[in-house]
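Here's the structure, in structure tokens; my notes come after.
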Amino acid sequence: CKMGRCEEACKCTRQMHGQLNPICCNGQTYGNPCLAECAGVDEPAEAQSECEIGRCRKPCVCARKFEPICCDDIDYGNACLAECDGFQDADK
């Protein structure tokens, strides 16, 4: 026991805790929207502007080397920048 009022427990049940439906909020990946809300993201997490369904993208760091490449009619300064935009093996 401790002095004071009880803190409100997170509403995520053990069953929901195990459901994988990743969401990225403020650069942090949560296993599902409920877990994001338990961490302080406003409800519903899916509707918040700082959140998007899926895992957070890793920061993309590319050399400032100009070696133009075209992928799906989009010009990129180099293959690394194209890969950061989702093109796999852009340099091949």
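Keep in mind that what you see is a predicted model, and the values were worked out from it rather than measured.
- With Val41 as the fixed residue, the side chain to side chain contact (heavy atoms under 4.5 Å, CB included) test singles out one of Cys25, Cys34, Pro33: Cys25.
- Residues meeting the side chain to side chain donor-acceptor pair (under 3.5 Å) test with Asp85, sequence neighbours left out: Tyr76.
- Between the side chain of Asn78 and the backbone N or O of Ala63, at least one donor-acceptor pair lies under 3.5 Å.
- When atom types are taken as modelled, the side chain of Gln28 and the backbone of Cys24 share no donor-acceptor pair closer than 3.5 angstrom.
- Taking all atoms of both residues into account, the shortest heavy-atom contact from Cys62 to Leu81 is SG-N, 3.6 Å.
- Within the model, atoms CZ of Phe87 and CD1 of Ile69 stand 9.5 Å from one another, a figure rounded to the nearest 0.5 Å.
- When all heavy atoms of Ile23 and Cys51 are compared, the pair lying nearest together is CD1-CB, 4.0 Å.
- The CG atom of Leu20 sits 10.0 Å away from the CG atom of Leu35 when rounded to the nearest 0.5 Å.
- Interatomic distance, CD of Glu46 versus CD of Glu52, reported as 13.0 Å (0.5 Å rounding).
- Here the straight-line distance linking atom SG of Cys80 with atom CZ of Arg64 works out to 13.0 Å at 0.5 Å rounding.
- Closest of all the heavy-atom pairs between Asn21 and Ile53 is OD1-CG2, 4.2 Å.
- Residues meeting the side chain to side chain donor-acceptor pair (under 3.5 Å) test with Glu37, sequence neighbours left out: Lys11.
- The distance from atom CD of Gln48 to atom CG of Asp42, rounded to the nearest 0.5 Å, is 5.0 Å.
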